2 protein chains.
Amino acid sequence: MGSKILVVDDEHEIADLVEVYLQSENFTVYKFYGALEALQCIETTELDLAILDIMLPDMNGLTLCQKIREHHHYPIIMLTAKDEETDKITGLTLGADDYITKPFRPLEMVARVKAQLRRYKMYNPSRTEEAVSPVIIHSGLVMNVDTHECLLNEKPLMLTKTEFSILRILLEKKGSVVSAEELFHEIWQDEYYSKSNNTITVHIRHLREKMNDTVEHPKYIKTIWGVGYKIEA
Amino acid sequence: MGSKILVVDDEHEIADLVEVYLQSENFTVYKFYGALEALQCIETTELDLAILDIMLPDMNGLTLCQKIREHHHYPIIMLTAKDEETDKITGLTLGADDYITKPFRPLEMVARVKAQLRRYKMYNPSRTEEAVSPVIIHSGLVMNVDTHECLLNEKPLMLTKTEFSILRILLEKKGSVVSAEELFHEIWQDEYYSKSNNTITVHIRHLREKMNDTVEHPKYIKTIWGVGYKIEA
DNA sequence: TCGCATATTAGGAAAATCTTAAGATTTCAT
DNA sequence: ATGAAATCTTAAGATTTTCCTAATATGCGA
């Protein structure tokens, strides 16, 4: 994930709440309490989705919605009060992809955001994090990311999820050295990394064991002292 | 798919939005902002469905609806403002097959379009383009998607709707791993809130039970820990 | 040799899945 | 509409698998 989401609501509590929930899902949030401040963001940032309150003090939320639509096609979700007059709501879907009535359950909001992003990215796959080839081949080693299968010299290699990820990353960066910290962040993203954490080392150990690789004469995973690990190109 | 759909709404944003959503589902869209322009399209194009705003400036949507009905039998969906029941009923009796009140969620709209098309094409099979094979076969397992029948080693397997869907999805993606979340979205699309992922687990359990599959040595549904389920190719 | 980086080990912690059963919901015949 | 049957969902605990920690050992380079 890591999609960029615009949030505009003059009610600070709601904007903040939305922000917290979205951030907890690893989205990048651009939060504004007024439409005018948001305008610049719209111009300058490559967003993936927008959440707009329909009632803003300085500019109608619908106007903002239409401003976005002038140049962008990413999903827009409107926040509406439940008791607004029907007439006003009638024009609501003008350009919006979904609407959520206040008060709403945060988890429902998050679910809808995800649903829209899923749809958007399916339709616009270029925005999705690069699509990689599902099979990686390297001297007697075959990895199929789709089937989660791994063969070593024609024989199946049973790898756990994490082991599979480490081997995949090393193979994708075949030839260059990858530090333990880099591996850590590729796999666990944001989580805190400390040097005393030898988790990666242990997984590497297991990998080598399953692949019959020795530390002294590694056929696959080589240790570059003080730098990291690598698989020769 | 690839059905031809007429969209008529004088509110440009709504017409455009509907167009985008339908196009993303690979429908061919004929979009008009006024009834008069649409008339010619109705005459000259072999449409599969029409979506009409009930309130148009140059001609009543219902009138347009009746014009279509003079010569065509494809489904018509009316867009209506959130008003009284009267319009709804009237609209339906005047030849429309479904109505959607504004504001609406585009995804719901798409779902209804699909539902109408399904119904329509069932009675007009000639219009269906090259249907995919309705039977899936895999080592002793025969699934007929049309009749919803399933045989395991010549003997009938009684599956519920959800079980059938899960098995079908796994077989369609035979070989690759499908996560519980993916299964969830394939089956329930954009539903949100609760319905913990455990639901899938329970259905998988029932499936395995009916198929005499064991968790330890599964012949069909294998668990890839931390990733999902798969059926070997 | 010393200091630091990596390797090895194993057991407990954590996470994911399985199992079960009860309650909710839907379906269907009456 | 009503109730029974089928199906689905939820919840809690059991089980399995995987991960992480911590303590110790080993190897590299200055």
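What you see is a predicted model, and the numbers here were worked out from it, not measured in a lab. Values below: every heavy atom of this structure, side chains too, minus hydrogens, waters and symmetry copies. Letters go in sequence order (proteins before strands), and every chain restarts at 1.
- Between the CD atom of B/Glu181 and the P atom of C/dA16 there is a distance of 12 Å, given to the nearest Å.
- Proximity note for A/Val202 (side chain, C-beta onward) versus C/dA7, D/dT21, C/dA16: the nearest is D/dT21.
- Between A/Ile200 and A/Asn198, the closest side-chain pair of non-hydrogen atoms is not below 4.5 Å.
- B/His217 has its NE2 atom 14 Å from the C1' atom of D/dT16, to the nearest Å.
- The phosphate of C/dT9 (OP1 or OP2) has a side-chain N or O of A/Arg205 nearer than 4.0 angstrom.
- Look at CG on A/Leu207: it is 13 Å from C1' on D/dT18, rounded to the nearest Å.
- Summarising the geometry, the separation between NE2 on B/His203 and C1' on C/dA21 is reported as 15 Å, rounded to the nearest angstrom.
- Put simply, NZ on B/Lys210 is 11 Å from P on D/dA6, counting in whole angstrom units.
- Counting only heavy atoms from C-beta on, B/Tyr229 has its side chain closest to C/dT17 among C/dT6, C/dT17, D/dT10.
- Relative to the side chain of A/Thr223, the nucleotides D/dC20, C/dT17, C/dA7 differ in distance, and C/dA7 lies closest.
- Taking atom CG of A/Asn198 as the reference point, atom P of C/dT8 lies 12 Å away to the nearest angstrom.
- DNA chain D is contacted by both A/Glu216 and B/Leu159; B/Leu159 maps to the nucleotide lying nearer its 5′ end (nearest heavy atom per residue).
- In this structure, A/His148 atom NE2 and C/dA16 atom C1' are separated by 14 Å, rounded to whole Å.
- Mapping A/Trp225 and B/Glu163 onto DNA chain D via the closest heavy atom, the residue that lands nearer the 5' end is B/Glu163.
- Nearest to the side chain of A/Thr162, among C/dT17, D/dC19, C/dT20, sits D/dC19.
- Heavy-atom distances to DNA chain C give each of B/His206 and A/Gly226 a nearest nucleotide, and the one nearer the 5′ end belongs to A/Gly226.
- Atom-to-atom, CD of A/Glu209 to C1' of D/dC19 comes out at 15 Å; the value is rounded to the nearest Å.
- Salt-bridge check for B/Lys161 with B/Glu163: failed, with every basic side-chain N at 4.0 Å or more from each acidic carboxylate O.
- Proximity of A/Leu52 to A/Ile77: side-chain heavy atoms (C-beta onward) are nowhere separated by under 4.5 Å.
- The environment of B/His73 atom NE2 is sparse: at most 12 non-hydrogen atoms of other residues, nucleotides or ligands sit within 6.0 angstrom.
- In terms of phosphate contacts, A/Arg208 brings a side-chain nitrogen or oxygen within less than 4.0 Å of OP1 or OP2 of C/dA7.
- No more than 12 heavy atoms of other residues, nucleotides or ligands shown are found within 6.0 angstrom of CD on B/Glu181.
- Side-chain proximity of A/Thr201 to D/dC8, C/dA7, D/dT21: nearest is C/dA7.
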